[in-house]
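The next block holds one structure in the form of structure tokens; read it before the comments.
Each ligand, and each atom within it, is numbered from 1 in the order the structure gives. Both backbone and side-chain heavy atoms feed into the values below; hydrogens, waters and symmetry mates do not.
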Amino acid sequence: MYLTNLKLNKYRNYDQLNVDFSAHINIIVGENAQGKTNLIEAIYYLSSAKTYRIARDNQLAKWNDNFFSILGELTNKNGKVVINVQYQNKDGQNNKEIKINGLKIKRLADLLGNAMVVLFAPEDLNIIKGSPAERRKLLDHDISQVSSSYYIKLQKFNRLLTQRNALLKKIGSRNAKKEELQVWNEQLVDIGSDIIIKRLEVLEKLVPLTRLMQRKLTKGQENLDIKYLLNRQKELKKHDNIKLLLLEELDKTAEEEIRRGITLWGPHRDDLLILLNGNNLKLYGSQGQHRTSVLAIKLAELEFFKAESGEYPILLLDDVLSELDSQRKNMLLNTIQERCIQCFITTTEDLDYLWDDRTCIKKFNISNGYLIQP
Ligand SMILES: Nc1ncnc2c1ncn2[C@@H]1O[C@H](COP(=O)(O)OP(=O)(O)O)[C@@H](O)[C@H]1O
Ligand SMILES: [Mg+2]
């Protein structure tokens, strides 16, 4: 799939933008703080009506404005698709309207899959170095884009979790009885185990792809493996009885849950263990190995989306190309070229030397929220 046209109105530091892109390679060159990441973020926003950065929707509107809109015209396997997101903050209320081909959608889940993206940005090193939440986010994002029913389950789980936590606090302060937990427990175990089972299924596809990419990137030197950890500790296998294991965790944590007022088991407590040649990559890997592994994961995500949906997603490379050594850079660029993936590459330095054939490349200079084609 590819994005042919993007229109921004009052988005971040963009006032009005209307730009046609190449179906293949788009390079955006500019100094710091000119709007490169904002542009990448706007394209990402089309995929899920959410940003990946820590920001609320009202922070995405241009300063002194209380609305923004993003309109993207794409071509995907279903033909032409127009996605239009309009946000407005009126009297402190957030209003967001999403239209696909002019028709307003009722649920966010209905947007998923129309514009799929894989983002690779410097902060992705947090997949290795960061907290378990970073690794769950990676998995949840990938699964949601190809399965809106998974996304709906996650939303439901989070709502139940909030309610159960509120009840735990009430029990802790003796304003409710322990027995009241039962009905929440059953629902959370059911839906929680569904979520975990889907994650395990997806990992079963993603892990071999990641391993293959890591071997390619390191000429067969490094073996990458990813394991799913229940409650950050116990390795889960596909054939495990997940419901039973969750019930065991529930039993173990019951007392502490009431004391702390939070749910201490479930998919929101799990983690991924990433191993390189058998060792915990987070603890023992070098900076270079972290970087290579993240690249391997990103390359695997491309293939995962292709296998699941029948088409490659749009690849967003924000400020990462200059950080890669020439072998890794070449492998990434070859992958993009061989598979005709549409990609957006932001950079502060000229990258012209990287391509012999420039026919499918569109280059833009960016300055203070304006894109200019040189
Ligand atoms: N809501 C907003 N309204 C206007 N400007 C913004 C908004 N959010 C961020 N900016 C500005 O956008 C610029 C950063 O853009 P960014 O895309 O991150 O730069 P870079 O080109 O370095 O990637 C900064 O100057 C920042 O102040
Ligand atoms: Mg940036």
Side-chain angles (χ1 to χ4, degrees), residues 3 5-19 21-22 25-72 84-97 115 117-127 129-130 134 137 141 291 294-295 298 314-324 329 332 342-352 354 361-374:
L3 179 69
N5 176 274
L6 182 73
K7 294 184 183 72
L8 299 180
N9 188 12
K10 308 289 180 194
Y11 188 84
R12 296 272 198 189
N13 68 333
Y14 291 90
D15 194 51
Q16 300 273 340
L17 180 81
N18 179 352
V19 56
F21 290 118
S22 158
I25 294 168
N26 297 279
I27 304 175
I28 295 118
V29 193
E31 292 182 1
N32 280 324
Q34 299 307 309
K36 297 186 297 299
T37 299
N38 294 346
L39 183 77
I40 295 289
E41 184 189 42
I43 298 171
Y44 182 100
Y45 203 92
L46 289 171
S47 72
S48 56
K50 283 196 185 113
T51 173
Y52 55 93
R53 295 200 276 183
I54 302 165
R56 291 178 189 279
D57 281 333
N58 61 10
Q59 293 163 322
L60 306 178
K62 195 161 198 245
W63 291 326
N64 302 322
D65 282 298
N66 58 359
F67 68 95
F68 69 81
S69 72
I70 306 176
L71 189 142
N84 188 1
V85 186
Q86 287 187 301
Y87 167 85
Q88 186 156 34
N89 186 305
K90 221 177 174 180
D91 307 325
Q93 293 276 340
N94 294 313
N95 294 300
K96 190 152 59 177
E97 188 176 274
V117 298
V118 166
L119 166 75
F120 186 11
E123 60 262 35
D124 279 320
L125 276 181
N126 285 333
I127 295 170
K129 293 203 274 199
E134 303 280 347
K137 198 164 85 182
H141 173 262
R291 231 180 238 134
V294 174
L295 176 59
K298 296 292 152 186
I314 298 166
L315 179 61
L316 307 173
L317 300 174
D318 191 17
D319 233 354
V320 287
L321 225 46
S322 57
E323 297 287 315
L324 297 171
K329 204 162 7 201
L332 176 59
Q342 186 187 35
C343 75
F344 292 83
I345 301 172
T346 71
T347 167
T348 47
E349 58 193 41
D350 226 315
L351 296 170
D352 278 356
L354 287 170
I361 298 180
K362 232 173 163 175
K363 194 171 127 182
F364 301 89
N365 287 329
I366 186 167
S367 169
N368 196 20
Y370 288 93
L371 288 188
I372 307 138
Q373 259 193 288

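For atom 4 (C) of ligand 1, the closest non-hydrogen atom on the protein side is R12 O, 3.2 Å. If you check which protein heavy atom lies closest to atom 13 (C) of ligand 1, you get A33 O, 3.8 Å. From the protein, the heavy atom lying nearest to atom 26 (C) of ligand 1 is W63 CH2, 3.9 Å.
Heavy-atom contacts of Q34 reach the following atoms of ligand 1: 19 (O), 20 (P), 21 (O) (cutoff under 4.0 Å). If you number the atoms of ligand 1 from 1 as listed, the ones under 4.0 Å from a heavy atom of K62 come out as 3 (N). Within the listing of ligand 1, atoms 1 (N), 2 (C), 3 (N) sit less than 4.0 angstrom from a heavy atom of A61. Residue E31 has at least one heavy-atom neighbour below 4.0 Å for each of these atoms of ligand 1: 21 (O).
Between the Mg ion (ligand 2) and T346 there is no N/O/S contact shorter than 2.8 Å.
Of the options N368, N38, L60, the smallest heavy-atom separation from atom 15 (O) of ligand 1 is shown by N38.
Side-chain contact check for N66 versus N58: every heavy-atom pair is 4.5 Å or farther apart. Contact annotation: the side chain of I127 never approaches that of E134 to less than 4.5 Å [non-hydrogen atoms, C-beta and beyond]. You'll find the side chain of L332 reaches within 4.5 Å of the side chain of L321, heavy atoms only.
F68 and Y87 have parallel rings, their planes meeting at less than 30° on a 0 to 90° scale where 60° marks the start of perpendicular.
For K7 and N9, the side-chain atoms include no donor-acceptor pair closer than 3.5 Å.
Here the options are F364, F21, F120, the test is ring-ring contact (aromatic ring centres under 6.0 Å, His included), and the partner is F344; only F21 passes.
Atom CD of Q93 is surrounded by 12 or fewer heavy atoms from other residues, nucleotides or ligands within 6.0 Å. Annotation for Q16: atom CD counts as buried by contact number, over 12 foreign heavy atoms lying within 6.0 Å.
Not a single heavy atom of G30 lies less than 4.0 angstrom from ligand 1. In this structure, E41 falls outside the shell of residues with a heavy atom less than 4.0 angstrom from ligand 1.
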